[in-house]
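Note that the numbering runs from 1 along the sequence shown for the chain. Hydrogens, waters and symmetry mates play no part in the numbers below; they use all other heavy atoms, side chains included.
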Amino acid sequence: MPDSEPAAAAPAPSVSPARRAWLRFRRNRRGFVSLWIFSVVFVLSLGAELLSNDKPIVAHYQGRWYVPMLNAYPETTFGGDFRTATDYLDPFIRNQLSVGDNWALWPLNDYRFDTINYFAPSPNPAPPSAVNLLGTDDRGRDVLARLLYGFRISVLFGLALTALGVAIGVVAGAIQGYFGGRTDLAMQRFIEVWGSVPELYLLLILASIFEPSIWILLTILAIFGWMGLSDYVRAEFLRNRTLEYVTAARALGLADVQIFWRHVLPNSLTPVVAFMPFRMSAAIVALTSLDFLGLGVPPSTPSLGELLSQGKANLDAWWISLPTFGVLVGTLLLLIFIGEALRDALDTRKG
């Protein structure tokens, strides 16, 4: 009896390029864990008002419900003598909200970023204690609260600056690379001239004219921060526009706009995605540096750079500079690990 032929092996299921990139990213344990840690901390910072605030989230007093976090109530509402805004750190008010059937749901940390603790047991800057877990700064504000709010502002600023820089850089680099010729030469000369403008001097001039604002800072850094990325996008477009699929698309009669958006642009975004975490870390460092020099956000805004400046002015108050430095270094390390994992995941030479 003749031997039966071996059964044909089942074809391996096809995996999309995006799926393969995700699997390569997950295989990089350090980058994957860094992404989870950064995401969790950032999401928690978005709810900073629920975690660190000088007002209760909700209160029940004498049979009525109050939401102090959203509404302002006079002190007389809770048995006080004055019709001014209630100071919920006042021991009398706290006692009123805890006797009998009265109760209040407090945040984990009892201070907002601008709350001054007038009941601190030590002069400011006060060292860490059970009242202020990371101590207070030289104005009596809770360091832990300012770190939490400052981290949120730094990350949101980094995201906004990265998004603006990527949008401008992709458009500029794509136009240069796709059309080439005189368009490319003219834009390259413009980039050379624009890149020679001293950015720091411009910031100093505008800081002396306008009131410090995060929007002015974001605008200035955005109009200068796109040039580095445009070079990579330009190089990708110059390479991709000569490939066979672009020639075939032109032969089929597709317009330049269709070829640009459907074919060349999606295949030229690999360096953009890979460099985004690194650009975001650079944006956070830029904001911190300018705040340290007094050229960033307004002084009342919580900022990592402002805390570092206070640490420099109060060298004996280690609880100001050391945690701030740790938060800044930890954030940058997480972003760098994520960027390295993205770069490896988008490398098609890896299986």
Side-chain angles (χ1 to χ4, degrees), residues 38 42 153-207 209-210 212-241 256-257 259-291 293 295-297 303 305 331-332 335-336 338-340 342-343 346:
F38 181 81
F42 177 57
I153 288 180
S154 297
V155 174
L156 290 176
F157 181 86
L159 286 173
L161 183 57
T162 301
L164 288 174
V166 165
I168 301 173
V170 167
V171 172
I175 293 175
Q176 286 182 261
Y178 185 79
F179 294 103
R182 294 182 178 179
T183 303
D184 185 21
L185 289 175
M187 294 189 68
Q188 279 295 103
R189 300 294 82 77
F190 170 78
I191 290 176
E192 291 172 2
V193 173
W194 189 246
S196 64
V197 176
E199 183 179 352
L200 182 59
Y201 290 162
L202 184 60
L203 282 171
L204 289 171
I205 294 172
L206 293 179
I209 298 176
F210 301 102
S213 170
I214 195 169
W215 301 110
I216 295 177
L217 185 63
L218 180 64
T219 302
I220 296 175
L221 293 180
I223 62 179
F224 284 98
W226 57 271
M227 289 176 285
L229 183 62
S230 67
D231 293 337
Y232 294 99
V233 179
R234 170 179 173 267
E236 288 292 319
F237 266 78
L238 286 172
R239 180 179 64 88
N240 290 331
R241 72 171 186 164
D256 284 335
V257 175
I259 299 174
F260 185 97
W261 289 106
R262 293 183 185 178
H263 302 287
V264 184
L265 181 61
N267 292 296
S268 303
L269 293 180
T270 298
V272 176
V273 178
F275 277 101
M276 282 182 66
F278 300 105
R279 293 187 60 82
M280 187 173 172
S281 62
I284 293 176
V285 170
L287 177 64
T288 304
S289 303
L290 293 172
D291 288 338
L293 297 174
L295 301 175
V297 297
S303 166
T331 303
L332 297 180
L335 289 173
I336 290 174
I338 295 171
E340 290 178 346
L342 272 177
R343 182 186 59 195
L346 296 174

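- In this structure, the side-chain contact (heavy atoms from CB on, under 4.5 Å) partners of Leu185, at least two apart in sequence or on a different chain, are Arg189.
- Evaluation of the side-chain contact (heavy atoms from CB on, under 4.5 Å) rule for Phe38 yields Phe151, Val155, Met280, Thr331, Leu334, Leu335, Ile338 as partners, not counting sequence neighbours.
- Across all their heavy atoms, Ala222 and Ile168 have their closest contact at O-CD1, 4.1 Å.
- Scanning both residues, Gly173 and Val233, for their nearest heavy atoms gives C-CG1, 3.9 Å.
- In this structure, Ala274 and Arg343 approach most closely via the heavy-atom pair CB-CA, 4.1 Å.
- Of the inter-residue distances, the one linking Leu332 atom CG with Ile284 atom CD1 reads 6.5 Å to the nearest 0.5 angstrom.
- Between Leu221 and Leu287, every side-chain heavy-atom pair lies at or beyond the 4.5 Å cut-off.
- The side-chain heavy atoms of Ile153 and Ile214, taken from C-beta on, include a pair separated by under 4.5 Å.
- Every residue two or more places apart in sequence or in another chain that forms a side-chain contact (heavy atoms from CB on, under 4.5 Å) with Asp231 is listed here: Gln188.
- Evaluated for a side chain to side chain contact (heavy atoms under 4.5 Å, CB included) with Ile216, the options Thr219, Leu218, Ile220 yield exactly one hit, Ile220.
- For the atom pair CZ (Phe275) and OG (Ser281), the distance works out to 11.5 Å, reported to the nearest 0.5 Å.
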_Before you tell me yes or no, could you show the steps for Val272 and Tyr232 under side-chain contact (heavy atoms from CB on, under 4.5 Å), namely the whole-Å CA-CA distance, both residues' side-chain angles and the distance that decides it to 0.1 Å?_
CA-CA 8 Å; Val272 176; Tyr232 294 99; over 6 Å; no
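- Between Leu229 and Gly165, the shortest heavy-atom contact is CD2-O, 4.3 Å.
- Distance CD/Glu340 to CG/Leu342: 10.5 Å, rounded to 0.5 Å.
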_With side-chain contact (heavy atoms from CB on, under 4.5 Å) as the criterion, how do Val297 and Phe157 come out once you've worked through the C-alpha distance, each side chain's angles and the decisive distance to 0.1 Å?_
CA-CA 11 Å; Val297 297; Phe157 181 86; over 6 Å; no
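- Between Trp194 and Phe224 the shortest heavy-atom distance is O-CE2, 3.7 Å.
- Minimum heavy-atom separation, Ala283 to Leu161: CB-CD2, 3.5 Å.
- Note: Phe190 and Trp226 have parallel aromatic rings, judged against thresholds of 30 and 60 degrees for the angle between ring planes.
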